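Below is one structure, written out as structure tokens; the observations come after it.
The structure presented is a predicted model; accordingly, all values stated were derived computationally and were not measured. Each chain gets a letter, A, B and so on, in the order its sequence line appears, and its residues count up from 1.
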2 protein chains.
Amino acid sequence: MTTVDHLRQVRLGNLRTVLLALVDRPGSRADLAARTGLTKATLSNLTEPLLAGGILVEEPATLVGMGRPSKPLRFHPAGPVAVGAEINVSHLAVETLGLDGETLERRLVPADMRRIPADEVLDRIAGLIREVTGGSERRLLGVGLAIPGVVHDGAIVRAPNLPELVGTRLAEGLGERTGLDVQLDNEANLAALAHLWPRHLAGEDFVHVTADVGIGAGVVLNGEVYRGVSGFAGELGHVVIERNGIRCTCGSRGCVERYAGLDVILREAGRRRLDSLRRALEAGDPKAAEAVRKAGEALGVGIATLMNLFDVPTVVLGGSYAVLYDHLREAVQSEMDGRVLAGGERHTRLLASPLGEFAVVRGAAGLITRRAVQQPERLFA
Amino acid sequence: MTTVDHLRQVRLGNLRTVLLALVDRPGSRADLAARTGLTKATLSNLTEPLLAGGILVEEPATLVGMGRPSKPLRFHPAGPVAVGAEINVSHLAVETLGLDGETLERRLVPADMRRIPADEVLDRIAGLIREVTGGSERRLLGVGLAIPGVVHDGAIVRAPNLPELVGTRLAEGLGERTGLDVQLDNEANLAALAHLWPRHLAGEDFVHVTADVGIGAGVVLNGEVYRGVSGFAGELGHVVIERNGIRCTCGSRGCVERYAGLDVILREAGRRRLDSLRRALEAGDPKAAEAVRKAGEALGVGIATLMNLFDVPTVVLGGSYAVLYDHLREAVQSEMDGRVLAGGERHTRLLASPLGEFAVVRGAAGLITRRAVQQPERLFA
DNA sequence: CTCATTCGTTCAATGCTTGAACTTAGTGCG
DNA sequence: CGCACTAAGTTCAAGCATTGAACGAATGAG
């Protein structure tokens, strides 16, 4: 690594700083200089190739106040685009996202994926991606691919609800079909990322908790999704809350999942689908409300344990839990207040995710735009 | 930040790399160049001020093999020294540590600290430090101070066993008394650090678990001690294993601490002190063995939960747990095997700490030597 | 003594940010 | 209309740690 290489790293680091500022909001060279702490000279220098490369555009001067009018820079409306894709138990989804954080297109196709072989799943995802990107000439930065399973070194090592996928190398398969670079990650991690990038919902470290068949937590530490040594981090569903409790498919006993999983809630409420449960809750069905409240208690105990270990101040409930938030909140918050050690010092914040059913695909696309910003050399490839 | 500043950062980074290599083991300039990936030219350049400043010494040439003999560099035997200090419920301890990782002096003074006002505690610690460092002319890099409590922004925000200390600013007080820079941290974090620096016991991420009155876990992620947003991370003692279990002083129910705390083990075994329990175990007392085994079960459940959240592969049992290791191991390992999700993929390793009762002070001193190596500019101050 | 071998030193070349000076492009006022 | 004023954006020389190649130093083998 020569000194020249080091200086190039410095340049790339500054480029990243500038792009991060632009993700936050557009701004003139002078404005960006003020926001990043760099000088105007450096900003002229750094933005020149971004403008030439079609990553940024210079807007016409805005005529306000005295002095030479500034010409704001923003991400080029025909600039590069990231693709997010999600393979899940009951649906496929695809979304495209610009570097400015604006969603361009989305598709969500309900379909039972449990018995479909990996090759066919990939064909269908690739088809959806073509549909969504077909009409546009914009350069594609890559695909983020979300799956309900544990990913380690690009391979799926665990996927209790989509066992057909275990051991397959989905990223390579989809890469061949689309000609794009594909990044594979767990849906819980990506849902958390969607709340962090491109706009930070909580403003600080948080845990994002979702329920589908299992319960997954995406943990954000120091502004980064924490994945653990082998991708198993944040397995909130298998936190034990009653050590001699109900036997779990994982071999343990008393896992949170056995008390607060969506399947458990639906069964206790005597419902088949989340929609039906929601309608029952809205209609004031006491059995449904009680089922959700009990799940909230168990979930709150698990979350309290998680907070005592990670010391994060904020919990975001997403997925089905966001739908049930109004009926979950009280029980969860009560267990948190009673059990989290740091609770006295500063409050433990509980939020509902505003992102809805597109949180995971959005995070998957965000994985790609984030990488492009953090490694700006990719924008010039 | 001018380019010149950036280049200075590069130099400091390289200096750090070289010092890290030297902590590992001594070596000639050529050897260090090979180990760090830098060039011989850079090594001559970087080591020159370290030799001039008395941080390193050049040994006489070693005459082995062909070619010009190499002159190994090592930390100067009269070079700077770090002080570790520990304030605990039943003892005070002090240790001095060289940059080479060698312990120079230690003192452990049993004493009940529970009613002693902070000022007197500081006087006694300062006295011990003077005793231990008095005879030497070596420069003191600073003091690492360990306390059984939660530290946030240099202040003690929680110390259930030494309530007199809450709210006091110990670092300032000790700094005034010794004229040294004092760094305050939690004993669980420092015990973990002692297993990571200057020699890495586990070789990868791990959790270090100790029991005194409470149960504390020091979590090492990516080679760094993870402290959380406000210093409360790793509160394993208050992980819930039976949500309707025994009421805990923290306000929760069923905390691990209530089943696996040292006080609980002693009570169940009908003993007063750890020594007595150990002798009973060695003598084959079945009541003692059963008390330890039961604690091991509870501890194992808590550790399994911790591993499912952090995804660390290794657990190190320290403090009293290290003493009881032979009688704890089986129960802990069994719960871990049955409950940790990643357990099937790669084994979960359980180790006993070899550091004994000086683990915490050693970590406290290590905090200072580590900082000196990571911020080499401090060595020239 | 000479050659081979390895250790350690010397030295010119390299390139990105900076801050000051400068140019550009507007507004405001007489 | 013209001149002072203001702010945006551009130009340019200066500054420094690493590098790689060439060189000097120190020893063993023959």
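Protein atom NE2 of A/His6 is 21 Å distant from nucleotide atom P of C/dA13, rounded to whole Å. Counting to the nearest Å, the C1' atom of D/dT6 and the NZ atom of A/Lys40 are 11 Å from each other. One can place CG of A/Asp5 at 13 Å from C1' of D/dG20, the figure rounded to the nearest angstrom. Atom CG of B/Leu43 is separated from atom P of D/dG20 by 14 Å (rounded to the nearest Å). Between A/Gln9 atom CD and D/dT18 atom P there is a gap of 15 Å when expressed in whole angstrom units. Atom-to-atom, CE of B/Met66 to C1' of D/dG30 comes out at 12 Å; the value is rounded to the nearest Å. Going from atom CG of B/Leu46 over to atom P of C/dT10 covers 14 Å, rounded to whole Å. With rounding to whole Å, B/Glu48 atom CD is found 14 Å from D/dA17 atom C1'.
Without hydrogens or angle criteria, A/Arg106 side chain to A/Glu95 main chain gives no donor-acceptor distance under 3.5 Å.
B/Ser70 comes within 4.0 angstrom of the backbone, heavy atoms only, and of no base. Note on A/Ala30: only backbone sugar-phosphate atoms sit closer than 4.0 angstrom, heavy atoms only; bases stay farther off.
Nearest-nucleotide mapping onto DNA chain C: of B/Ser44 and A/Gly67, the residue sitting toward the 5' end is B/Ser44. Ranked by how close their nearest DNA chain D nucleotide is to the 5' end, B/Pro69 and B/Gly37 are led by B/Gly37.
Contact annotation: B/Thr39 reaches the phosphate of D/dT19 (side-chain N/O to OP1 or OP2, under 4.0 Å). Distances shown here put a side-chain N or O of A/Ser28 below 4.0 Å from the OP1 or OP2 atom of D/dG9. The phosphate of D/dT10 has OP1 or OP2 within less than 4.0 Å of a side-chain N or O from A/Arg29. For D/dA17, the OP1/OP2 oxygens have no side-chain nitrogen or oxygen of B/Asn14 closer than 4.0 Å. Listed pair A/Asn45 / D/dT10 fails the phosphate criterion, with no side-chain N or O lying under 4.0 Å from OP1 or OP2. Side-chain N/O atoms of B/Thr42 include none lying less than 4.0 angstrom from OP1 or OP2 on D/dT18. Listed pair B/Arg11 / D/dT18 meets the phosphate criterion, a side-chain N or O lying under 4.0 Å from OP1 or OP2.
For the 3.5 Å distance criterion, the side chains of B/Arg11 and B/Asn45 qualify, holding a donor opposite an acceptor.
Of the candidates C/dT17, C/dT10, D/dC16, C/dT10 carries the atom nearest the B/Ala41 side chain, counting heavy atoms from C-beta on. Nearest nucleotide to the side chain of B/Arg68, out of D/dG28, D/dA25, C/dT9: D/dA25. If you check D/dA17, C/dG28, C/dC16 against the side chain of A/Leu7, the one that comes closest is C/dC16.
Partner of B/Leu97 under the side chain to side chain contact (heavy atoms under 4.5 Å, CB included) criterion, out of B/Val361, B/Val83, B/Val81, B/Thr103: B/Thr103 alone.
The two residues A/Pro80 and A/Gly54 make their nearest non-hydrogen contact at CD-O, 4.4 Å.
At a threshold of 4.0 Å, the pair A/Glu176-A/Arg169 does not count as salt-bridged, since none of the basic side-chain nitrogens sits closer than that to a carboxylate oxygen.
Considering only heavy atoms from C-beta on, B/Thr369 stays 4.5 Å or farther from B/Val23 through its side chain.
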